[in-house]
Amino acid sequence: NSDLRKLGVNLIPFPRLHFFQIGFAPLGSPAASAYRRVSVGDLTQQIFQAGNMMAAADPRNGRYLTASALFRGQVSTKDVEDEMLKV
């Protein structure tokens, strides 16, 4: 059991650089999920798109010191690792 503060401390070792920018994917209706199949690659690309960020900031204008992506459901670990290396 951890909280958001502990997550930030463990991800970024520099106290002045703890700025969370949260991306959410897929953004869509739960009713439409039966008609649309989304791959791990699609989800990974959507996480880092400016339209899916929960802040009014464009991720293409900054730099990432670290990133954490949480996937739910039946997802292959190998697929996740391969896609995260492409980012």
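In this text, all values refer to a predicted model and were calculated from it rather than measured experimentally.
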Under 3.5 Å, side-chain donor or acceptor atoms of residues 77-86 against the rest of the protein: list the pairs with distances, not counting sequence neighbours.
residue : atom : partner : partner atom : Å
Lys78   : NZ   : Asp82   : OD2          : 2.9
Glu83   : OE2  : Lys86   : NZ           : 3.3

Sequence neighbours excluded - ring pair (Phe, Tyr, Trp, His ring centres under 6.0 Å) pairs with any residue from residues 39-58:
Phe48-Tyr64

Which residues share a side-chain contact (heavy atoms from CB on, under 4.5 Å) with Gln45, sequence neighbours left out:
none

If you measure from CD1 on Ile47 to CG on Asp42, what distance do you get to the nearest 0.5 Å?
11.0 Å

